[in-house]
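Here's the structure, in structure tokens; my notes come after.
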Amino acid sequence: MSILINRNTRVVVQGITGREGQFHTQQMLEYGTQVVAGVTPGKGGQWILGVPVFDTVQEAVEATGANCSVIFVPARFAPDAILEAADAGIPLIVCITEGIPVQDMIRVRAYLDRKGVRLIGPNGPGLITPGESKVGIIPGHITRPGPVGIVSRSGTLTYEVIAALSQRGIGQSTCVGIGGDPIPGTNFVEVLAMFEEDPQTEHVVLIGEIGGTEEERAAEFIATRMSKPVTAFIAGRTAPPGKRMGHAGAIIEGGTGSAADKIAKLESVGIPVARHPEEIAEIVAARMGVRA
Amino acid sequence: MKLHEFQSKQLFARYGIPIPRGKVATSPEEARAVAKELGTPVVVKAPVLVGGRGKAGGIRLARTPEEAEQIAEQILSMTLKGLPVRRVLVDEAAEIQAELYLGLVIDRARRRVVAMASSAGGVDIEEVARTTPEKIVRVMIEPELGLREYQARTLAAGMGLDRALWTSFAQIALGLYRCFEENDATLAEINPLAVVPGPALLALDGKVIIDDNALFRHPELAAMRDEDEETQTEREARKYGISYVQLDGNIGCMVNGAGLAMATMDIIQLYGGYPANFLDIGGGASAERVAAAMRLILSDPNVKAVLINIFGGITRCDEVARGMLAAFEMVRPRVPVVVRLVGTNEEEGRAILQGAQGVALHTATTLVEAAQLAVRLAGDGGRAE
């Protein structure tokens with residue numbers, strides 16, 4: 001078991017003819033992901049890496065039965081790409097694109113919520129179920145199947161943690177990058193709830209950062225609704241207030257969002273918070289009784 | 001991107017929000033002329049994009065054009081929170097009977113724009129939220145519907161506003177929402193929204209932040225960017241598309257990925273040092289980008305050591321290492337450089353880096369090791385001041 005994606009997930013790549021789209025389609029195919037279709041408006045009828053390209057997501061779904069979309073289109077076209085996938089009946093949309101205006105995301109999220117469509121991202125690396133399927137850009141070879149679920153607002157920081165866990169022989173059930181934007185399609189609490197229900201997942205790693213109050217809400221959820229152990233890390237202890245640290249959502253503003261607040265909240269409900277990325281794997285190994 | 005007060009108020013005026021008559025002056029003489037034209041008394045304000053301006057002496061009343069000139073001269077010689085004052089805003093003075101607050105912000109948890117109003121205006125709204133939260137009234141805005149008139153009345157009634165002002169308050173609130181939406185703002189606030197004789201309402205001060213991600217569709221707003229408000233390095237970084245934030249330590253950081261970049265800064269502090277900057281080089285870490293990032297980091301005279309932390313996931317470490325050596329040919333580091341390359345082909349990557357010529361290059365395998373080494377090489381490791 002795993003969450004959100006598995007070996008049966010049938011993926012359509014929106015923006016497959018672009019540089020990023022094409023490169024990562026190849027990576028996903030090599031990993032074993034079932035990439036069944038691509039979409040680039042105006043380029044329907046072509047084939048890319050053995051994958052048929054369609055003009056619309058609707059056509060791609062009808063022809064191939066795709067049930068998951070991954071989006072690699074530029075920010076100004078991405079909100080439309082998400083809505084198009086939702087309207088074509090895709091239940092799981094993964095958006096890698098960075099730089100979508102926040103008011104667009106408010107409108108898109110409101111629409112998706114009404115339709116019951118799940119969005120992972122934007123501005124994230126996507127997700128991977130090791131040994132089964134990867135949808136997005138997480139390097140597959142650093143992962144290995146196992147019992148740890150990972151949910152994170154970062155990209156490379158998550159890779160660090162995955163690699164450190166794998167090196168200790170600790171595998172992952174599913175790794176989910178929810179993205180660094182202020183309005184994510186899916187938040188920590190929603191992914192934690194899925195891990196709680198997933199029989200394969202025994203331990204969860206939560207990687208948060210400054211900005212917003214999602215980590216505080218996650219702490220509340222873990223304390224009241226989860227039976228599985230969670231180990232956390234919060235990036236940005238040294239970040240000054242009022243400055244955006246790379247991610248659109250990583251900013252301490254309006255008196256909220258500091259790492260200190262988040263760490264204090266997590267620790268107050270008994271969740272261990274690592275001081276640096278390498279310590280995450282140490283803590284998880286110790287809590288799971290795995291020898292180094 | 002933050003707009004200046006005068007830019008924000010000019011934007012408000014386009015949406016029917018009443019603002020005081022006023023003009024920007026760049027010299028004391030000009031301030032006197034503006035004061036004469038507007039008629040005294042006037043308020044002379046330092047247009048600097050930082051809070052706490054009033055307390056720092058950046059807002060003062062002038063009763064005569066001569067006094068306006070003297071005050072402008074004083075303000076124009078000031079630096080407020082490290083930023084020189086290059087202009088003053090001269091506004092006609094208003095007879096303030098009460099000060100209200102009206103603001104639009106994004107509530108991240110609820111994923112909605114929220115309108116907030118308070119009868120306790122004129123002070124920092126965060127302070128009001130902390131000390132007297134009951135004095136703030138909020139309404140949640142549905143994106144398809146926008147702010148509705150009944151919601152504006154809810155705000156007016158909630159803060160106990162004189163009924164005679166409800167219609168004009170609703171017009172201002174609806175105008176502010178249109179301004180927020182049409183300009184892709186992430187924050188728009190009027191503070192204070194003054195009650196003046198009539199009674200009438202007047203937006204005495206305004207603050208607007210535009211979503212950087214939306215500037216592509218607002219070229220006229222992008223053109224308002226005040227480059228004086230950024231450090232030169234931040235300006236350069238923006239041109240290269242590199243995320244850079246200047247800090248006051250002495251260890252320069254170059255990292256791929258924002259989360260990892262923050263974690264790298266944090267671990268430097270954990271081991272007793274302090275980072276000179278946040279820098280996310282983005283994906284790929286090509287020679288050109290590494291060279292550009294190195295140039296940015298070394299332009300800070302406080303930097304005593306550089307820590308490069310790259311996770312090679314899709315891009316292999318050997319490729320990154322070759323790019324790095326090429327980059328060091330383009331920009332030769334004058335301080336020791338610690339490189340931690342992890343991920344695919346990391347051993348090959350480290351081996352390639354051993355061949356670096358003319359650079360005090362150190363490699364590390366773990367982040368802990370890299371941070372400790374960088375702190376040691378930077379010497380005292382403390383903050384710049």
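Hydrogens, waters and symmetry mates play no part in the numbers below; they use all other heavy atoms, side chains included.
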With salt bridge (charged side-chain N to carboxylate O under 4.0 Å, His left out) as the test, would you mind laying out the steps for Glu142(B) and Arg107(A) before giving the verdict?
CA-CA 9 Å; Glu142(B) 286 304 310; Arg107(A) 287 185 278 264; over 6 Å; no
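- With sequence neighbours excluded, the residues forming a side chain to side chain donor-acceptor pair (under 3.5 Å) with Glu220(A) are Lys265(A), listed by chain and number.
- For Arg109(A), the part lying under 4.5 angstrom from a heavy atom of chain B is the side chain only.
- Contacts of Phe180(B) with chain A are made by both backbone and side-chain atoms, with heavy-atom separations under 4.5 Å.
- Ranked by heavy-atom pairs shorter than 4.5 Å toward chain B, the options Gly236(A), Gly255(A), Ser154(A) are led by Gly236(A).
- Listed for the Glu278(A) side chain is a donor-acceptor partner under 3.5 Å among the backbone atoms of Val368(B).
- With a threshold of 4.5 angstrom between heavy atoms, Ile142(A) approaches chain B through side-chain atoms but not through N, CA, C or O.
- Residue Ile207(A): no heavy atom, backbone or side chain, is found under 4.5 Å from chain B.
- Proximity to chain A (any heavy atom under 4.5 Å) is restricted, for Val245(B), to the side chain, taken from C-beta onward.
- Atom CZ of residue Arg108(B) and atom CE of residue Met105(A) lie 12.5 Å apart, to the nearest 0.5 angstrom.
- Not a single donor-acceptor pair under 3.5 Å links the side chain of Arg217(B) to the backbone N or O of Arg76(A).
- A distance-only check finds no donor-acceptor pair linking the side chain of Thr156(A) to the backbone of Phe311(B) [under 3.5 Å].
- With a threshold of 4.5 angstrom between heavy atoms, Thr366(B) approaches chain A through its backbone and through its side chain.
- When heavy atoms are compared at a cutoff of 4.5 Å, Ala75(A) does not approach chain B at all.
- Asp266(B) places a side-chain N or O within 3.5 Å of a backbone atom of Thr238(A) that can act as its donor or acceptor partner.
- Among the candidates Ile100(A), Ile210(A), Thr256(A), Thr213(A), the residue making the largest number of heavy-atom pairs closer than 4.5 Å to chain B is Ile100(A).
- The side-chain heavy atoms of Phe278(B) and Arg244(A), taken from C-beta on, include no pair separated by under 4.5 Å.
- For Leu247(B), the part lying near chain A is the side chain, with the backbone staying farther off; criterion is any non-hydrogen pair under 4.5 Å.
- Among all heavy-atom pairs drawn from Glu160(A) and Asn309(B), the shortest one is OE2-OD1, 4.1 Å.
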Cut-off 3.5 Å, no hydrogens considered: what does the side-chain donor-acceptor table look like for residues 208-216 of chain B, sequence neighbours left out?
from, atom 1, to, atom 2, distance (Å)
Asp211(B), OD1, Asn213(B), N, 2.9
Asp211(B), OD2, Val102(A), N, 2.7
Asp212(B), OD1, Met1(B), N, 3.1

